[in-house]
Amino acid sequence: MRHRTARGTSTHMGMDASTNAADQLSPIIEAALRGDVTEQQLGLVFDMGREASIALGLAQSRRIAALSKTQAKPPGPHAPSGSVPPSEKPGAKKGGTGRRKPGARKGHKGSRRPTASPEAHRSIPPLTTCPSCGSSVECAAKFRTRIIEDLLENLSTVATEYTIPRHWCRSCKKLVEPGVSAAMPGATIGNRAVGLSAVLHYGLGLSIDQIRELLYGSFQTRVSAGGLVDIWRRAADVLSPWYEQIGEEARASATLHADETSWRVDGESQWLWCFCNQRTCWYMIDPGRGQDPLISFFTEAFDGVLIHDFWHAYSVVALGSEGEHQCCLVHLLREMKHVDTHSLPEKPPPMAADWSAFYKKLKRLIRDGIRLRNRPDFSPERYGGRIVLIDQRLRALAFAEYIDDDALRLAKRLRRHSDEIFTFLDRPEADWHNNFAERQIRPAVVLRKKSQCNRSDQGAATQAVLMSIYRTLKLRGVEASKAVTEALAAWSASGTLPPLPSGAAVG
Ligand SMILES: [Zn+2]
C-alpha cells in the first residue's frame, strides 16, 4: 500500500521557499495586480528569490499602467515604455488588453503577430568568416532588418530593429549572416523575456495568462498563448543538451532519490518521475509507471545509493559493485503508525498483542538505527559492532512467526528488503528517508493541479526539460532566468550552447 495522501504534511520538514513558490507566487501576483499585497506576502516573494521579485515588480508596473490609463492622462513622450498601456502604444490593436482564452477563436485561422514599430535601432557587426564553413566571406552585399521586442533591465520593454549584414560565401554558395544574440532565429520575442517567462511558468507556477499579462502586456504586439508555448518549446530544444547532462550527472551520483507521481498528457494518464539529489533534479514524463521508465533512465549499472519507497519496481535497477538501495523509513514508520491508529482497535486481543509487540520492536529498532547514525562521531568503522547488532535485530524481527496479518505483511517486507533498510549506516552519505524527492516533486504536483498537465507529448517534453533545468540551477544556487537567457543568447549568436552552470560548491 502506498500512501500518497500524506504528502505535504508534517513529514516535509524544512520546506524551502523555492519548493513552496509553485502555489504561492500566483495568488500574490493576482493581489499585486489588484494593488493589495501584504507585508507577509512581500516577505514570501523575497524568500522565493530574484525571479519572483521581478514578477512582483512587473505586476506593480502593470497596475500603475492601468491606473494611469483610468486617469486618462495621455503618456508623455518620455514615459517609460512599461508604464504605457499596450493599447496606447504605437501599433497596438484597439480593443483592450483583457484576458481571453488561449489560442485562436474557433473558426479563425492562426495569424502572425503584427510587426511592432521600432523604438531603437542596432546594427550587427559584419562577418569576416562564414559561420557554417569558416572560410572568409566577401563584404556584406545586402542587409536585412528584424524587429525584436524584449524586456529591459528597468522592466520596461523596447522594440529594437536590428540591421543584419548578409554576406556571400563562395564555398557554401549561399548568403550567410551573423546570428543575433537578442533572440532565437526567426523569433520576435527576445531571449530575456523567454528566459524569465520560462522560469515564471515552469519554475514558479505562474499561469500562461498571468505571464501574458505581466511580461508581454507591455509589448506592442500581442503574444498569444500558443506563441508562448511555441517559444518555450524552442527554448527547451536548444537547452536539451543541459537536460541530458543533468540526467547523466544524476546517474553518476553517489546518492540519488527517486519518486514518481501521476501526470496527465492530453487526457491520458502518465507518470512524472523525479530523480534528484542536492545537485541535480531530473524529471521525466513517461506513460509507464512500472519498470520500463526505470530501465530507460538507468542505461548503465548504478553505482551509488538509490533512495526510494518500498515499491517493488525499483528492484529492476541494475546495480554496480558500489550500488545499493535504501528504502524510505519515513514511509515505513508512517504505515506502521497508520495500522496502529486505525486497525489496532479492531483487532481481536491475541492479534492486537502480536501486532503491538511487533510494532514496538520495529519502531525501537528504526529509532536506534537513526540515533546511531546521528551521533556526532558516527562512522561505519567506529560503530561496526553496533551496526552488526542492528542487522541481527532486523533479521530476528523479519523471520519471527506472527499471527497478526499486518505483522506478517510487514515482516515479509522486511525479509524482501532486509539489505535496504539500514544502508544508511554503511553508507553515511545516504539519507534514511525520501523526503528530498518528495520535496522536489511537490512543485510539479502543484503545477499539475493548476494546469491540467500537458496537452501533448511535446508539451510534456518541454515541461520535463525546463522544470529539470530550473530545479537543478536552483539547487546549485544559480539564478535560472539569467543562466537560461545567457545560454539562449550565446546559442542565438553562435549556435553553441555554453556548459551547464555547475554553481557554487555543495552547501
Ligand atoms: Zn560557408
What's the separation between atom [atom1] in [X] and atom [atom2] in [Y], rounded to the nearest 0.5 Å?
X	Y	atom1	atom2	answer
Gln41	Leu25	CD	CG	10.0 Å
Leu239	Ile469	CG	CD1	4.5 Å
Asp391	Arg386	CG	CZ	13.5 Å
Asp431	Thr255	CG	OG1	7.0 Å
Leu206	Leu58	CG	CG	10.0 Å
Leu329	Phe424	CG	CZ	5.5 Å

Should we say atom [atom1] of [X] is surrounded by more than 12 heavy atoms from elsewhere, each under 6.0 Å from it?
X	atom1	value
Arg367	CZ	no
Arg395	CZ	yes
Phe378	CZ	yes

CA sep, side-chain torsions, deciding dist, call: Glu335, Leu410, side-chain contact (heavy atoms from CB on, under 4.5 Å): CA-CA 9 Å; Glu335 184 167 353; Leu410 290 177; 4.2 Å; yes

side-chain contact (heavy atoms from CB on, under 4.5 Å) between Asp266 and Asp457, intermediate numbers included: CA-CA 8 Å; Asp266 195 22; Asp457 286 339; over 6 Å; no

Derivation of the side-chain contact (heavy atoms from CB on, under 4.5 Å) call for Thr341 and Lys337: CA-CA 6 Å; Thr341 315; Lys337 177 113 196 210; 4.0 Å; yes

Side chain to side chain, [X] and [Y], heavy atoms closer than 4.5 Å:
X	Y	result
Cys281	Ile246	no
Ile370	Trp432	yes
Trp263	Ser269	no
Arg439	Arg442	no
Ser207	Gln210	yes
Leu362	Leu414	yes
His325	Leu319	yes
Trp282	Asn277	no

Kindly give the heavy-atom pair with the smallest separation between [X] and [Y], and that separation in Å.
X	Y	value
Phe310	Leu332	CE1-CB, 3.6 Å
Ala31	Val37	C-CG2, 4.1 Å
Gly203	Tyr470	CA-CD2, 3.4 Å
Val478	Ala483	CG1-CB, 3.9 Å
Gly369	Ile390	CA-CD1, 3.7 Å
Tyr314	Glu260	OH-OE1, 3.0 Å

Positive for side-chain hydrogen bond (donor to acceptor under 3.5 Å, both in side chains) with Trp355, one of Asp404, Asp406, Asp340, Asp405: Asp340

Working for side chain to side chain donor-acceptor pair (under 3.5 Å), residues Tyr383 and Arg375: CA-CA 10 Å; Tyr383 287 98; Arg375 292 181 73 114; 2.8 Å; yes

Salt-bridge criterion met for [X] and [Y] (N-O under 4.0 Å):
X	Y	value
Lys482	Glu486	yes
Lys474	Glu479	no
Glu249	Arg279	no
Arg413	Glu420	no
Arg234	Asp237	no

When you measure from the side chain of [X] to the backbone of [Y], do you find a donor-acceptor pair of N or O atoms at a distance under 3.5 Å?
X	Y	answer
Arg427	Glu322	yes
Asp309	Cys327	no
Ser26	Asp23	no
Arg476	Thr280	no
Thr157	Leu151	no
Asn191	Ser181	yes
Gln440	Ala437	no
Arg63	Arg34	yes
Asn434	Ala258	yes
Gln291	Val316	no

Phe297 six-ring face occupied by Arg251 cation (under 6.0 Å, within 45°): yes

side-chain contact (heavy atoms from CB on, under 4.5 Å), paired with Leu214, selected from Ile54, Leu196, Leu155, Ile29: Ile29

Validation row, ring centre His308 to ring centre His257 under 6.0 Å: no

Residues Lys347, Leu344; criterion side-chain contact (heavy atoms from CB on, under 4.5 Å); working and verdict: CA-CA 5 Å; Lys347 290 183 190 290; Leu344 177 65; 4.2 Å; yes

Candidate pair Tyr243 and Tyr283, rule ring-ring contact (aromatic ring centres under 6.0 Å, His included), full reasoning: CA-CA 9 Å; Tyr243 177 66; Tyr283 298 98; 9.1 Å; no

Parallel, tilted or perpendicular: ring planes of Tyr202 versus Trp232, cut at 30 and 60 degrees: perpendicular

